[in-house]
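Here is the structure we will look at.
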Amino acid sequence: MAFVITSPCIGEKASDCVEACPVDCIKEGEDQYYIDPDICIDCGACEAVCPVAAIYQEDDVPADEQEFIEKNRAFFQN
Ligand code: SF4
């Protein structure tokens, strides 16, 4: 289980989450930030500081944002 960054990050990229993450698993992509699901420890620190509420626990990702679960994972497989 991991936290997932979803569409409100696109074009926003506030980066507050990067500073908040204790295990440094949030990386910058071209269009948004991404969370490495293999490193995330599920602490929720990033979710608490996101100014656009783009971050969800994997189980709580809204139905219309489900594609971001795979998009986050795929970013770290390249
Ligand atoms: Fe980092 Fe915690 Fe957010 Fe996972 S839940 S990305 S460990 S701040």
Side-chain angles (χ1 to χ4, degrees):
M1 205 60 70
F3 276 65
V4 176
I5 301 180
T6 64
S7 67
C9 184
I10 296 174
E12 183 70 32
K13 294 177 78 177
S15 83
D16 301 48
C17 58
V18 177
E19 302 294 322
C21 181
V23 293
D24 195 28
C25 71
I26 305 177
K27 302 300 178 190
E28 184 175 6
E30 204 166 300
D31 55 345
Q32 66 166 97
Y33 281 87
Y34 295 98
I35 293 172
D36 188 334
D38 293 330
I39 299 177
C40 175
I41 57 171
D42 254 349
C43 72
C46 54
E47 179 188 28
V49 299
C50 180
V52 293
I55 307 177
Y56 295 89
Q57 215 278 344
E58 193 171 323
D59 280 349
D60 297 330
V61 173
D64 60 353
E65 300 278 350
Q66 288 286 313
E67 69 196 85
F68 285 86
I69 296 173
E70 183 53 33
K71 190 179 178 191
N72 275 251
R73 182 172 292 280
F75 180 77
F76 296 96
Q77 289 168 345
N78 292 330

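The shortest non-hydrogen separation linking P8 to E65 is CD-OE2, 4.2 Å. Contact detail for A14 and P51: the closest heavy-atom pair is CB-CG, 3.5 Å. Here the closest heavy-atom approach between residue I55 and residue C50 is recorded as CD1-CB, 4.0 Å. Taking each heavy atom of D31 and K71 in turn, the nearest pair found is OD2-NZ, 2.8 Å. What you find for Q66 and V61 is that their closest heavy atoms are NE2-O, 2.9 Å. When all heavy atoms of V4 and N72 are compared, the pair lying nearest together is CG1-ND2, 3.6 Å.
Residues that satisfy the side-chain contact (heavy atoms from CB on, under 4.5 Å) test with C40, not counting sequence neighbours, are A2, F3, C25, I35, D42. Checked against ring-ring contact (aromatic ring centres under 6.0 Å, His included), Y56 has no partners two or more places apart in sequence or in another chain.
A donor-acceptor pair is defined here as one N or O able to donate and one able to accept, closer than 3.5 Å; no such pair exists between the side chain of Q32 and the backbone of S7.
At a threshold of 4.5 Å between non-hydrogen side-chain atoms, the residues I5 and I26 count as touching. Counting heavy atoms from C-beta on, the side chains of I69 and E58 come closer than 4.5 Å.
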Report task. Evaluate side chain to side chain contact (heavy atoms under 4.5 Å, CB included) for D36 paired with K27, printing each intermediate quantity in order. Result -> CA-CA 8 Å; D36 188 334; K27 302 300 178 190; over 6 Å; no
Query raised in the report: Given D64 and E67, is the side chain to side chain contact (heavy atoms under 4.5 Å, CB included) satisfied, shown in steps?
Result: CA-CA 8 Å; D64 60 353; E67 69 196 85; over 6 Å; no
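For residues 10-43, the ring-ring contact (aromatic ring centres under 6.0 Å, His included) pairs, not counting sequence neighbours, are Y34-F75.
A salt bridge links R73 and D38; the closest N-O separation between the charged side-chain nitrogens and carboxylate oxygens is under 4.0 Å.
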